[in-house]
Amino acid sequence: MSKNEHAVPTHFIRQIIERDLAADKNGGRVHTRFPPEPNGYLHIGHAKSICLNFGLARDYPGGVCNLRFDDTNPHKENEDYVNAIKHDVRWLGFDWEDRLFYASDYFEKLYGFAVELIQAGKAYVCDLTPEQIREYRGTLTEPGRESPYRNRSVEENLELFKRIRAGEFEDGSRVLRARIDMASPNMNMRDPTLYRIRHGVIHHQTGEEWCIYPMYDFTHPISDALEGITHSLCTLEFEDHRPLYDWVLDNISIDCHPQQIEFSRLNLEYTVMSKRKLTQLVDEGVTSGWDDPRMPTIAGLRRRGYTPASIRTFCDRVGVTKSANSVEMGMLEACIREDLDQNARRALAVLDPLKVVIENYPGEQVEMLDAPYHPKDGEMGSRQIPFTRELYIDRADFREEANRKYKRLVSGGEVRLRNAYVIKCENVIKDEQGEILELRCSYDPATLGANPEGRKVRGVIHWASASRGVKAEVRIYDRLFQHPAPDADKSVESFLAHLNPDSLHVVQAIVEPSLTSAVEGDRFQFEREGYFCVDPESRPEHLVFNRTVTLRDSWAKIEKQS
RNA sequence: UGGGGCGUCGCCAAGCGGCUAGGCACCUGGUUUUGAUCCAGGCAUACGUAGGUUCGAAUCCUACCGCCCCAGCCA
């Protein structure tokens, strides 16, 4: 944990836990779990859940948190997702130690509890088709009707369930259902399905051992109880499932009854958070993969340059409540800026190069200028930057003429080159179309590490040596969508209609040579531009940087006003 | 027109009957060889609405309004 992270504010779940602790409810234990289904990559919403569950375990004496894969639907799951999820949780900074579990570990026990339910007359084998089950379920305003198979004898149910497990029946032909209340105002209590038949799928953990798979509503409470979970935290859409969670545990012989508590999921503006939609973005090639730096996945944020600490800080700041929310991107960006401002080395990189020739600087001369890695943290040391007769500056840092507000280089004007000399623009060379080709400048040798005498130079711009600088590919990312809530807009056929066509720009930059040794994962502030990280595809002979986030830019605001 | 939730500043969010925490964003100034950072200051006398209880209500009560979730053999 970094120094930036301090005591987090309380929230309603902590209050519940503290009340339980005070009442010695679970023998003083706090035991949570993070239970992802391995059917996709984790996203920032999962990060909130991870920080919550593992954070609680960390903050209470003796607290522990399990990692459990909710792998009851083999159709959509695979081992690659399991590995990616483990990697992401660890990367975020959390440790499940020896508590790695799979719901599939409990298939045999689960089967036993299902038999118990049948023996108690609380579950039955139903032969209705999926369509019929839906019809019999009724609607939100009308009660359902009881299945004609609802009153089968215990013996018949037991026999049938055994034969189902033995593989005698086809997919979809029968299910095991809980026998609760077809007239319940809560849809989840209208004899929910407990088991379905699935032949021919190879489960990533259990292979072909089973042809029946338990449903979430049956599996989850039992898995929690088997692991001795005290507080089972999930998102709001499961609120209606809580009566069923409790019903399952109340009707089987198990001596642990965790408390399910629901909180609202995280929503971020200008992106989507549902696994279905993220999968679609990947499958349709809209993004380069789950780790595309524009994705709100942990892998995407990592590749974008976000640090684990910045994501943890973000999760702490958004808090835990039951109210619907849509958090601004600015909140996330502030967290990474805060981290990187303090911890990232500075470097000079020119993203849109314009050649500058210093006419009074000797052609063959190369001066190595010392430049601190950080303006405030001297302990980070410094590097040498070559200064030569031909340089590059950014096109945006020169204007032939401009008003007083513009503090950069203008014709006949002076500007400070960062960590180097003050230069003056003597001449502007253009082509026939009037396009500026290069600038002819002079430098003042007396201005290295010193202010010029008798005049004030207001601007400072970054630069790179033309001969010693290094080419680099820089990927400039913007938000993936143009709409703050792409999946909430019902007026379009698909959320894809809101894709931002300009979410990625690739530019060829000239960067200072010290960056040649940068390796995957290194993060820098390119001064006056933003924070950048080295992409996994980067090689010493072909550097690739991703822009994590821009710097705050008050100049852009000033310019916008005029 | 069933059930379950939620409504405090542009966005998050504290608050749990006694002067509306805080963060992000935004606005002013100052410092600055990054128009960054940093520092100082500003930013809710209608807490969804209307009634009520109370000396006192965002907090308690009543009614209403708005938004979200639920009719998978998904999780």
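Note that the coordinates shown come from a computational prediction; the quantities given were computed from them, not determined experimentally. Quick note on labels: first sequence line is chain A, next is B, and so on, each numbered from 1.
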Quiz item: What residue among A:Val272, A:Leu332, A:Leu278 forms side chain to side chain contact (heavy atoms under 4.5 Å, CB included) with A:Pro296?
Solution: A:Leu278
Quiz item: In the structure shown, which nucleotide is the Watson-Crick or G-U wobble counterpart of B:rU53, with both distances under 3.5 Å?
Solution: none
Quiz item: Looking for any heavy atom pair under 4.0 Å, which part of the strands does A:Ala420 touch: base, sugar-phosphate only, or nothing?
Solution: base
Quiz prompt | Residues in ring-ring contact (aromatic ring centres under 6.0 Å, His included) contact with A:Phe263, at least two apart in sequence or another chain | solution = none
Quiz item: Given the rule in the ring-ring contact (aromatic ring centres under 6.0 Å, His included) test, do A:Tyr216 and A:Phe238 qualify, once you have shown the distances and angles that lead to the verdict?
Solution: CA-CA 11 Å; A:Tyr216 165 87; A:Phe238 292 104; 5.0 Å; yes
Exercise. Determine the contact category for A:Tyr406: base if any of its heavy atoms lies under 4.0 Å from a base atom, sugar-phosphate if only primed atoms, P, OP1 or OP2 are that close, otherwise nothing.
Key: base
Exercise. Would you mind classifying the nucleic acid contact of A:Gly449 as base, sugar-phosphate or nothing, using non-hydrogen atoms under 4.0 angstrom?
Key: base
Quiz item: Would A:Leu369 and A:Asn419 satisfy side chain to side chain contact (heavy atoms under 4.5 Å, CB included), going step by step from the backbone distance to the final call?
Solution: CA-CA 7 Å; A:Leu369 305 179; A:Asn419 297 125; 5.7 Å; no
Exercise. Not counting sequence neighbours, which residues clear side chain to side chain donor-acceptor pair (under 3.5 Å) with A:Lys407? List them please.
Key: none
Quiz item: Expressed in whole Å, how much space separates the P atoms belonging to B:rU1 and B:rG42?
Solution: 48 Å
Quiz item: Quantified in whole Å, what is the C1' atom distance between nucleotide B:rC9 and nucleotide B:rG15?
Solution: 15 Å
Quiz item: Touch check for A:Pro35, heavy atoms < 4.0 angstrom, all strands: base, sugar-phosphate only, or nothing?
Solution: nothing
Quiz item: When we call it a touch if two heavy atoms are under 4.0 Å apart, what does A:Val175 touch: a base, just sugar-phosphate, or nothing?
Solution: base
Exercise. Could you check whether A:Asn325 gets within reach of a base, just the sugar-phosphate, or nothing at all, counting any heavy atom under 4.0 Å?
Key: sugar-phosphate
Quiz item: How is A:Ser264 classified with respect to the nucleic acid when contacts are heavy atoms under 4.0 Å: base, sugar-phosphate, or nothing?
Solution: nothing
Quiz item: Say you pick atom C1' in B:rC43 and the same atom in B:rG29; how far apart are they, in whole Å?
Solution: 15 Å
Quiz item: Does B:rC64 pair with anything, Watson-Crick or G-U wobble, both distances under 3.5 Å, and if so, with which nucleotide?
Solution: B:rG48
Quiz item: Applying side chain to side chain donor-acceptor pair (under 3.5 Å), which residue pairs with at least one partner in residues 167-176 of chain A are found, sequence neighbours left out?
Solution: A:Asp127-A:Arg174, A:Arg163-A:Glu168
Self-check item: Counterpart base for B:rA21, defined by Watson-Crick or G-U wobble contacts under 3.5 Å
Solution: none
Quiz item: Between A:Glu512 and A:Arg418, is there a side-chain N and carboxylate O pair less than 4.0 Å apart?
Solution: no
Self-check item: Carboxylate-amine/guanidinium contact A:Arg547 A:Glu529, below 4.0 Å
Solution: no
Quiz item: At under 4.0 Å between heavy atoms, what does A:Gly172 touch on the DNA or RNA strands: base, sugar-phosphate, or nothing?
Solution: base
Practice problem: Looking at every strand, decide which applies to A:Gln15 at a 4.0 Å heavy-atom threshold: base, sugar-phosphate, or nothing. | Solution: base
Quiz item: Could A:Arg345 and A:Tyr373 be counted as a cation-pi pair, given that NZ or CZ must be under 6.0 Å from the ring centre and within 45° of the axis?
Solution: yes
Quiz prompt | Distance, C1' atom - from B:rU32 to B:rU37, rounded to whole angstrom | solution = 9 Å
Exercise. Find the partner of B:rA58: check Watson-Crick (N1-N3 plus N6-O4 or O6-N4) and G-U wobble (N1-O2, O6-N3) distances, both under 3.5 Å, and reply none if neither fits.
Key: none
Quiz prompt | Distance-only side-chain donor-acceptor flag, A:His220 / A:Arg33, under 3.5 Å | solution = yes
Self-check item: Outermost RNA chain B nucleotides near chain A [under 4.0 Å, heavy atoms]
Solution: B:rG2 to B:rA75
Quiz item: Expressed as a whole number of Å, how far does the C1' atom of B:rG22 sit from that of B:rG66?
Solution: 28 Å
Quiz item: When we call it a touch if two heavy atoms are under 4.0 Å apart, what does A:Thr447 touch: a base, just sugar-phosphate, or nothing?
Solution: base
Quiz prompt | Partner nucleotide of B:rA75 by Watson-Crick or wobble geometry (both distances under 3.5 Å) | solution = none
Quiz item: What is the nucleic acid contact for A:Leu244, judged by heavy atoms within less than 4.0 Å: base, sugar-phosphate only, or nothing?
Solution: nothing
Practice problem: Taking atom C1' in both B:rU45 and B:rU20, compute the distance separating them and give it to the nearest angstrom. | Solution: 10 Å
Quiz item: Expressed as a whole number of Å, how far does the P atom of B:rA14 sit from that of B:rG23?
Solution: 15 Å
Exercise. With sequence neighbours excluded, tell me which residues meet salt bridge (Lys or Arg N to Asp or Glu O under 4.0 Å) with A:Arg196.
Key: none
Self-check item: A:Arg479 to A:Tyr270 six-membered ring, cation-pi geometry met (6.0 Å, 45°)
Solution: yes
Quiz item: What is the nucleic acid contact for A:Arg552, judged by heavy atoms within less than 4.0 Å: base, sugar-phosphate only, or nothing?
Solution: sugar-phosphate
Quiz item: Counting any heavy atom closer than 4.0 Å, what does A:Lys376 reach on the DNA or RNA strands: base, sugar-phosphate only, or nothing?
Solution: base
Quiz item: A:Lys407 near the nucleic acid: base, sugar-phosphate alone, or nothing, with a heavy-atom cut-off under 4.0 Å?
Solution: base
Quiz item: Watson-Crick or G-U wobble partner for B:rG41, using a 3.5 Å limit on both distances?
Solution: B:rC27
Quiz item: Among residues 234-243 of chain A, which contact RNA chain B at a heavy-atom distance under 4.0 Å?
Solution: A:Glu237, A:Phe238, A:Glu239, A:Asp240, A:His241
Quiz item: With rounding to whole Å, what would you report as the distance between B:rC27 and B:rU54 at their C1' atoms?
Solution: 41 Å
